Amino acid sequence: MAKDVASQAIVQGIIDALRTEFGGDYVYYANKVPQNFKEPAFFVRQISGSMEPQRGRRYLRRGLYQVTYFAGNRKTQEQEINAVTDRLYPVLEYIKMGGSLIRGTQMEHETEDNELHFSVHYDIFVLRPRPEAPLMQKLELEVGLKEQ
């Protein structure tokens, strides 16, 4: 169970997993694609998220993340996109976040306008910190027997 985390930590975990699998021949962008970006490139962002209270200080944080891939070779874009798709499923099943592994579920992809759009859900439990309460300053206690 993780402490309360920012969704950006999951985005970074996805980018780290991609970088480990695909190496330095690709460019990796988080959250937005700049104009005149270099291809081949991966663009990673969170699409939606929610947080549901569980027991006590536990919450279930759900997030839908999208990896968009822009192929580098215009002549063989379809083949390149298909090859990258086959590698993304196992790569994004488990990613590292804060020293722990988290599992991706409900993975799916689609290709539109020669771009690969790969979606994956990462659901984690988070533990919110306890609210700080003031400490007791002084306690006095008198002990004695009650007379009858």
Side-chain angles (χ1 to χ4, degrees), residues 1-140:
M1 182 177 328
K3 292 190 179 207
D4 201 359
V5 295
S7 298
Q8 194 60 31
I10 296 175
V11 169
Q12 189 59 50
I14 294 170
I15 290 173
D16 291 345
L18 293 173
R19 194 171 274 132
T20 299
E21 174 69 18
F22 293 97
D25 294 336
Y26 297 80
V27 183
Y28 306 91
Y29 298 100
N31 303 320
K32 52 181 149 171
V33 178
Q35 289 184 350
N36 301 322
F37 64 92
K38 295 181 181 180
E39 297 173 343
F42 290 97
F43 163 59
V44 181
R45 69 186 180 116
Q46 182 178 11
I47 295 176
S48 65
S50 66
M51 193 158 86
E52 302 167 16
Q54 301 293 305
R55 288 186 84 174
R57 299 180 298 133
R58 287 175 42 139
Y59 291 80
L60 177 61
R61 180 171 283 181
R62 299 178 186 270
L64 173 60
Y65 296 83
Q66 184 176 61
V67 176
T68 304
Y69 175 71
F70 301 95
N73 190 337
R74 296 281 179 219
K75 293 179 183 176
T76 59
Q77 276 183 329
E78 283 188 43
Q79 293 88 348
E80 190 177 333
I81 286 173
N82 290 337
V84 167
T85 301
D86 292 340
R87 292 169 71 182
L88 283 178
Y89 280 98
V91 167
L92 297 179
E93 183 174 3
Y94 290 98
I95 64 167
K96 289 182 184 174
M97 185 200 71
S100 299
L101 288 178
I102 60 173
R103 187 174 191 185
T105 60
Q106 301 175 27
M107 293 186 235
E108 55 186 47
H109 74 276
E110 67 178 39
T111 303
E112 184 178 310
D113 297 328
N114 290 320
E115 297 173 3
L116 170 63
H117 301 280
F118 189 95
S119 301
V120 57
H121 289 255
Y122 290 103
D123 302 336
I124 60 172
F125 284 100
V126 294
L127 187 62
R128 299 303 296 264
R130 274 184 216 263
E132 289 195 27
L135 299 175
M136 218 182 310
Q137 297 299 318
K138 190 174 182 180
L139 175 65
E140 290 185 24

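Predicted model only: the values in this text are computed from it and were never measured.
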Kindly indicate whether the side chain of V84, heavy atoms from C-beta on, has any atom under 4.5 Å from the side chain of F22.
-> yes
Pairwise side-chain contact, L64 with Q106, heavy-atom cut-off 4.5 Å (strictly under) | no
For a ring pair (Phe, Tyr, Trp, His ring centres under 6.0 Å) with F70, tell me which candidate from Y26, F37, Y28, F43 qualifies.
-> F37
Taking every non-hydrogen atom, the tightest pair across [X] and [Y]:
X: P40; Y: E80; answer: CB-OE2, 4.0 Å
X: Q77; Y: A71; answer: CG-CB, 3.8 Å
X: Q66; Y: S119; answer: NE2-OG, 4.3 Å
X: T68; Y: H117; answer: OG1-ND1, 3.5 Å
X: I81; Y: L116; answer: CG2-CB, 3.8 Å
X: A30; Y: V11; answer: CB-CG1, 4.0 Å

With a 3.5 Å cut-off and sequence neighbours excluded, list the donor-acceptor pairs that the side chains of residues 90-103 form with protein atoms.
unit_1: E93; atom_1: OE2; unit_2: R103; atom_2: NE; d: 3.4
unit_1: E93; atom_1: OE2; unit_2: R103; atom_2: NH2; d: 2.9

Can you measure from [atom1] ([X]) to [atom2] ([Y]) and round to the nearest 0.5 angstrom?
X: R58; Y: L60; atom1: CZ; atom2: CG; result: 9.0 Å
X: T105; Y: R62; atom1: OG1; atom2: CZ; result: 8.5 Å
X: R61; Y: F125; atom1: CZ; atom2: CZ; result: 13.0 Å
X: Y122; Y: I10; atom1: OH; atom2: CD1; result: 8.5 Å
X: H109; Y: D86; atom1: NE2; atom2: CG; result: 8.0 Å
X: F42; Y: I15; atom1: CZ; atom2: CD1; result: 11.0 Å

Assess whether side-chain hydrogen bond (donor to acceptor under 3.5 Å, both in side chains) is satisfied between E78 and N82, documenting all intermediate values.
-> CA-CA 6 Å; E78 283 188 43; N82 290 337; 5.4 Å; no
Verdict with supporting geometry, Q8 and N31, side-chain contact (heavy atoms from CB on, under 4.5 Å) | CA-CA 9 Å; Q8 194 60 31; N31 303 320; 3.1 Å; yes
